[in-house]
Undergrad: 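Below you'll find the structure I mean.
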Amino acid sequence: MIPPGHFMVLAEVLPGHEPALRELLARMNSGPGQADPDNPLLPFGRFEGLHFLRIAILDDATHDDLAAHGVAPTPLPTYLSFFGDCDGPGGDQLDEFAHVAPDGLLQVFAHCVACPPRAGLAAWLRARDLPVAAAYANWTGRTARRVREERAIAEALARRVRLLGSTEPGQLQALRVQLLAFVTAEREQGRLLVTADPPTPLGWWLRNLAHVVAIPLLGLVALPLLLLYSPLFIWQLRRRERADPEMVQAPDPAHVAELATFEDRGITNAFTALGSVKPGRFRRWLVIVLVALLDYAARHLYGRGHLTRVQTIHFARWVFIDDKQRLLFASNYDGILESYMDDFINKVAWGLNLVFSNGVGYPRTQWLVQGGARNSQGFKNYLRRHQVVNSVWYKASPGLTAMDLARHGRIRAGLERTAMSDREIEDWLRSM
Amino acid sequence: VSAPVDFSDVQGLLRFGYKHHTESAFALLRVHNRAAARAWLAAAQVGSAAKGPLPPTVLQIAFSAPGLRELGVPEPVITGFAPEFVAGLGTDPNRARRLGDVGNNDPAHWQWGGPSEPLLPHVLVMVYAMPGRLDACCLALESHWAVAFELVRWLPTTDMGGVEPFGFTDGISQPEVDWSRELPAEDHDSLAYRNLSCLGEFVLGYPNEYGRYTVRPLLEPVGAAALQLPRAEDAPDRADLGRNGSYLVLRTLRQDVPGFWRFLDAQAGGDSAERQRVAEAMVGRRMDGQALVAPEAVPVQGVGQDAAARAQNGFTFDADPAGLRCPVGAHIRRANPRNADLPPGTQGLVARAVRMLGLDSAVLHGDAVASVRFHRVLRRGREYGQRISLAEALARPVAPVETGLQFICLCADLARQFEFVQGAWIAGSKFAGLPHEGDPLMGNRLAAPDEPDTARFTMPREGCPSRVIDGIPTFVDVVGGAYFFLPGLRALRYLATA
């Protein structure tokens with residue numbers, strides 16, 4: 001198994017360079033925000049193990065919201081963020097970018113402070129690669145290559161089944177044998193591929209196991225302390241939940257219109273949002289702990305086609321920036337934003353509340369999980385206000401939802417079964 | 001205790017379908033002379049939702065955002081309405097893309113309501129009349145409007161006896177509105193599908209399914225006109241311009257009846273029973289309105305308990321997850337998937353927590369869409385044009401037939417209700433995890449940039465592969481549309497006099 005990797009280069013934009021940078025980024029696109037896979041600056045389509053990539057200028061329009069907490073907002077730089085999801089370590093992917101497309105990258109990062117030298121480009125990128133605080137991959141170990149291979153198998157089988165026409169009931173086993181023979185023949189001809197995964201890197205496997213064990217162990221060790229602390233914690237939390245200012249006013253229509261221009265160009269969309277963590281040590285530590293738990297759940301509890309009840313997210317990440325003063329959330333999701341936000345509100349409001357209620361202006365929560373996103377209009381306003389335009393967004397497998405990918409996986413898995421009951425064959429055929 | 005609804009302040013359309021008023025026509029007007037327009041609007045006799053003897057004719061009045069501007073409503077009041085209403089239905093290419101209003105449905109080609117200014121209505125006057133009373137009423141109105149308004153067009157309707165142009169019984173599934181305010185105004189999970197909706201889902205100024213008040217303009221209660229307005233329940237020091245009003249979506253949907261039946265006839269190889277079976281699978285109901293799945297054993301809240309009501313509306317799709325009886329992509333299943341806040345299962349605390357965390361993999365597949373109670377609309381559409389029989393539709397050559405639906409729906413939150421259902425469920429090409437198909441009736445069949453083929457419909461079958469119908473042509477084109485605000489009666493007076 002090749003574990004998923006993530007990278008995120010964050011570089012400060014040189015003052016006054018933003019317009020030129022935006023113009024340059026637009027040249028990578030075939031439509032508003034939609035990356036051209038063959039663009040000469042950074043031909044995304046050439047990278048075998050790349051799933052998603054985006055380039056966004058992080059200008060935080062809500063930074064001044066901090067003033068509502070009685071804190072004078074300190075000026076923060078505008079960043080160029082360059083981030084994505086890939087197979088294997090994110091650092092290796094950055095090396096490959098630097099190797100394949102140094103000229104394009106140099107042109108882009110020339111607009112940033114301490115722009116990279118040609119010789120040390122890879123090291124420069126790696127030095128600015130921020131760690132993710134929490135990462136979610138829809139299916140751990142599903143490589144971009146496997147996505148392509150499974151798509152080809154699923155499409156070929158779907159065509160084959162329809163070619164065979166209206167089979168009479170009761171012929172399921174015979175039909176399956178026919179389909180298996182078809183795939184075997186296609187594989188022999190080299191028209192369909194099923195590449196076996198390389199063994200899971202031992203280091204990753206050990207680190208993963210250690211993580212599985214360490215976090216609950218840490219919790220167990222800290223339990224007596226946590227129990228002692230809990231009355232004080234509840235008092236601290238409830239006091240803040242009652243007093244923290246909400247900033248859920250309607251977003252600027254012009255901002256929403258700009259965001260909408262970049263949305264719904266295909267079935268999958270990219271969401272990037274940025275906001276300040278509420279000032280003070282309590283919220284800072286709370287969000288650090290909760291994001292760590294979220295990372296634990298995303299890595300070990302989910303990663304098999306769904307994050308809690310939400311099945312439309314391909315990749316998501318939570319990243320602290322500026323010494324944990326700000327939190328960035330980014331995801332690749334299927335469908336229109338309205339339905340994505342409604343999934344948040346109706347399926348997993350409690351989960352969003354846990355993390356984002358530590359952000360400035362979030363709709364009021366009760367007991368960390370109640371309320372919050374359930375103020376649906378306020379929550380939608382909050383998201384839109386914090387959302388950032390993605391100047392460039394690349395998706396390796398356009399037209400496929402996360403549910404399609406899971407379906408293709410089931411179709412492929414069906415080929416590997418030695419025997420199937422009639423009922424299982426029915427389900428298998430339906431997934432085509 | 002919640003205050004009872006003042007029906008005399010609510011326009012009748014929110015409560016009634018005016019089924020005895022079999023004749024109707026909808027006037028799209030532009031304000032020509034502001035003073036005269038305001039005078040006519042202030043004096044107009046608009047039918048309320050209070051019950052009483054049936055009047056021979058009824059007027060209902062609604063405004064577009066440009067209409068409010070034209071009448072002199074101040075800009076800060078207008079921007080207090082939902083942003084979707086302020087922006088309008090047919091003027092924003094991003095909205096059009098989201099709603100599937102592209103290709104044939106592109107607002108640029110619309111007969112009315114598109115981006116071209118002269119076709120953008122300001123005021124919608126809906127006239128409902130008892131048999132034989134419509135024409136005289138419309139003529140009288142036109143003479144009254146001579147100075148005040150310019151008539152963009154009349155949208156005619158035809159009484160097709162409760163059957164839409166393709167021949168299916170229509171208007172069966174409607175949410176039951178909680179007029180008596182029995183449902184608690186609070187936010188808690190709904191564990192069974194119910195057909196009873198909070199008042200605030202359709203009428204502004206009341207709590208919605210989240211127990212909250214939807215945005216609408218709240219005004220300083222100063223000036224004679226504003227003092228007439230009801231106070232806001234959630235802000236008693238403010239006058240509530242939205243209270244007892246609603247948003248109204250009107251879309252003219254042209255239906256290609258010969259195209260529909262001739263395509264199905266070809267699919268069925270001329271077999272009339274098979275032709276009807278496929279058509280019913282696409283719609284998700286029998287032509288007479290019967291559901292394709294059996295009614296639930298436990299009554300659905302908000303559905304009448306008589307056998308007819310239960311057979312037509314007392315069902316969910318819980319027992320048919322694969323769509324063997326009613327295909328998952330069928331039109332009515334897309335428009336209302338009839339589910340609860342959690343996937344079906346036992347109600348124990350642990351079992352619920354497992355489903356809430358998404359850890360019950362057995363129910364996940366059916367959980368792609370959920371919580372339909374936030375996505376209901378109240379439909380008040382009427383058919384228009386020429387009704388043709390099945391035999392006429394199948395006859396060759398077919399003379400061009402102009403027929404379809406003046407689709408009307410009412411809701412309190414355009415984004416979460418109408419736009420969600422239309423954008424995510426009807427126009428979406430990946431509904432409930434289906435690989436690639438649009439709505440079998442309404443789909444625009446266009447290839448999205450990354451979606452080469454949406455012109456399909458899948459009918460799962462028992463014991464053999466699904467039947468896939470592809471190359472489906474468009475059967476329904478959008479040829480006009482706009483968003484309106486249907487005010488309460490006191491709000492109407494405010495808009496006409498303030």
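Just so we're on the same page: letters track the sequence lines, and every chain starts at 1.
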Undergrad: Check each atom of A/Arg374 against the heavy atoms of chain B and say whether the ones under 4.5 Å are side chain, backbone, both or neither.
TA: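 Both backbone and side chain.
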Undergrad: If you count heavy-atom pairs under 4.5 Å with chain A, which of B/Asp187, B/Asp92, B/Asn208 comes out on top?
TA: B/Asp187
Undergrad: Please classify the contact between B/Pro343 and chain A as side chain, backbone, both or neither, with a heavy-atom cut-off of under 4.5 Å.
TA: both
Undergrad: Please classify the contact of B/His375 with chain A as side chain, backbone, both or neither, using a heavy-atom distance under 4.5 Å.
TA: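 Only the side chain of B/His375 comes within 4.5 Å of chain A.
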Undergrad: Centroid-to-centroid, B/Tyr213 to B/Tyr206, below 6.0 Å?
TA: no
Undergrad: With no hydrogens and no angle check, do the side chains of A/Asn332 and A/Trp393 hold a donor and an acceptor under 3.5 Å apart?
TA: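 Short answer, yes.
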Undergrad: Which region of A/Arg410, side chain (C-beta onward) or backbone (N, CA, C, O), has a non-hydrogen atom less than 4.5 Å from a non-hydrogen atom of chain B, or is it both or neither?
TA: side chain
Undergrad: Could you walk me through whether B/Phe85 and B/Tyr483 pass the ring pair (Phe, Tyr, Trp, His ring centres under 6.0 Å) check?
TA: CA-CA 6 Å; B/Phe85 166 75; B/Tyr483 288 152; 7.9 Å; no
Undergrad: Could you look at B/Asp413 and say if it's the side chain, the backbone, both or neither that has a heavy atom under 4.5 Å from chain A?
TA: side chain
Undergrad: Regarding B/Lys430 and A/Thr401, do their side chains bring together a donor and an acceptor under 3.5 Å, going by distance alone?
TA: no
Undergrad: Between B/Arg212 and chain A, which part of the residue has a heavy atom less than 4.5 Å away: side chain, backbone, both or neither?
TA: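 Contact with chain A is through the side chain of B/Arg212 alone.
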Undergrad: Can you tell which part of B/Arg416 gets under 4.5 Å to a heavy atom of chain A, answering side chain, backbone, both or neither?
TA: both
Undergrad: Among the options B/Arg467, B/Met356, B/His436, B/Arg95, pick out the one with the most heavy-atom pairs lying under 4.5 Å from chain A.
TA: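 Heavy-atom pair counts peak at B/Met356.
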Undergrad: If I measure from the heavy atoms of chain A, does B/Asp367 come under 4.5 Å with its side chain, its backbone, both, or neither?
TA: both
Undergrad: I'd like to know if the side chain of B/Gln417 and the backbone of B/Val377 have a donor-acceptor N/O pair within less than 3.5 Å.
TA: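 Here the side-chain-to-backbone pair does not exist.
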Undergrad: Given a strict heavy-atom distance threshold of 4.5 Å, which part of A/Glu263 is in contact with chain B: side chain, backbone, both, or neither?
TA: backbone
Undergrad: Applying a criterion of heavy atom separation less than 4.5 Å, what residues of residues 306-314 of chain A form contacts with chain B?
TA: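 Listed by number: A/His306, A/Thr308, A/Arg309, A/Gln311.
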Undergrad: May I ask you to name which of A/Glu338, A/Met403, A/Gln377 has the most heavy-atom pairs under 4.5 Å with chain B?
TA: A/Glu338
Undergrad: State whether a side-chain donor-acceptor pair under 3.5 Å links A/Asp342 with A/Ser339.
TA: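 Per modelled atom types, A/Asp342 and A/Ser339 side chains form no pair under 3.5 Å.
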Undergrad: Say whether B/Asp341 and B/Ser190, considering side chains only, have a donor N or O and an acceptor N or O under 3.5 Å apart.
TA: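 Note: B/Asp341 and B/Ser190 side chains miss the donor-acceptor criterion.
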Undergrad: If you check every heavy atom in residues 420-432 of chain A against those of chain B, which residues fall under 4.5 Å?
TA: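 The list, in residue order, reads A/Glu426, A/Leu429, A/Arg430.
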Undergrad: Please classify the contact between B/Leu324 and chain A as side chain, backbone, both or neither, with a heavy-atom cut-off of under 4.5 Å.
TA: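 The side chain, not the backbone.
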Undergrad: Are a donor atom and an acceptor atom from the side chains of A/Thr365 and A/Asn353 found within less than 3.5 Å of each other?
TA: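 Distance-only check fails for A/Thr365 and A/Asn353.
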Undergrad: Can you tell me how far OH of B/Tyr247 sits from CZ of B/Arg216, rounded to the nearest 0.5 angstrom?
TA: 9.5 Å
Undergrad: Taking side chain as everything from C-beta outward and backbone as N, CA, C, O, which of these in A/Ala257 sits under 4.5 Å from a heavy atom of chain B? Side chain, backbone, both or neither.
TA: backbone
Undergrad: Quick one: pull up CZ in A/Arg299 and CG in A/Leu294 and give me the separation to the nearest 0.5 Å.
TA: 11.5 Å
Undergrad: Sort B/Val86 into side chain, backbone, both or neither according to what part of it lies under 4.5 angstrom from a heavy atom of chain A.
TA: neither
Undergrad: Using a strict cut-off of less than 4.0 Å between a Lys/Arg side-chain nitrogen and an Asp/Glu carboxylate oxygen, indicate whether B/Arg69 and B/Glu75 qualify as a salt bridge.
TA: yes
Undergrad: Any side-chain heavy atom of B/Ser429 within less than 4.5 Å of one from A/Ile267?
TA: yes
Undergrad: Distance from B/Tyr210 atom OH to A/Ser376 atom OG, nearest 0.5 Å?
TA: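 With rounding to 0.5 Å, OH (B/Tyr210) is 4.5 Å from OG (A/Ser376).
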Undergrad: Shorter than 4.5 Å, heavy atoms on both sides: which option in B/Thr458, B/Val215, B/Leu342 has the most such pairs with chain A?
TA: B/Leu342
Undergrad: Drop me the distance from B/Phe420's CZ to B/Arg98's CZ, to the nearest 0.5 angstrom.
TA: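 If we round to the nearest 0.5 Å, B/Phe420:CZ and B/Arg98:CZ are 12.5 Å apart.
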Undergrad: I need the A/Tyr136 OH to A/Leu301 CG distance, nearest 0.5 Å.
TA: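 Separation between the atoms: 11.0 Å.
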Undergrad: Would you say the side chains of A/Arg384 and A/Gln387 form a donor-acceptor pair under 3.5 Å?
TA: yes
Undergrad: If we define contacts as heavy-atom pairs under 4.5 Å, which of B/Pro83, B/Ala370, B/Ala415 has the most with chain A?
TA: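 Highest number of heavy-atom pairs under 4.5 Å: B/Ala415.
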Undergrad: Please report the C-alpha distance between B/Val372 and B/Tyr193 in whole Å, then the side-chain angles of each, then the deciding distance to 0.1 Å, and finally whether the side-chain contact (heavy atoms from CB on, under 4.5 Å) criterion is met.
TA: CA-CA 8 Å; B/Val372 299; B/Tyr193 168 67; 3.7 Å; yes
Undergrad: Has the side chain of B/Asp360 got a donor or acceptor atom that lies under 3.5 Å from a matching backbone atom of B/Arg355?
TA: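 Not at all, since once roles are kept as given, no pair shorter than 3.5 Å links the two residues.
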Undergrad: Of the backbone (N, CA, C, O) and the side chain (C-beta and beyond), which part of B/Pro435 lies under 4.5 Å from a heavy atom of chain A, both, or neither?
TA: both
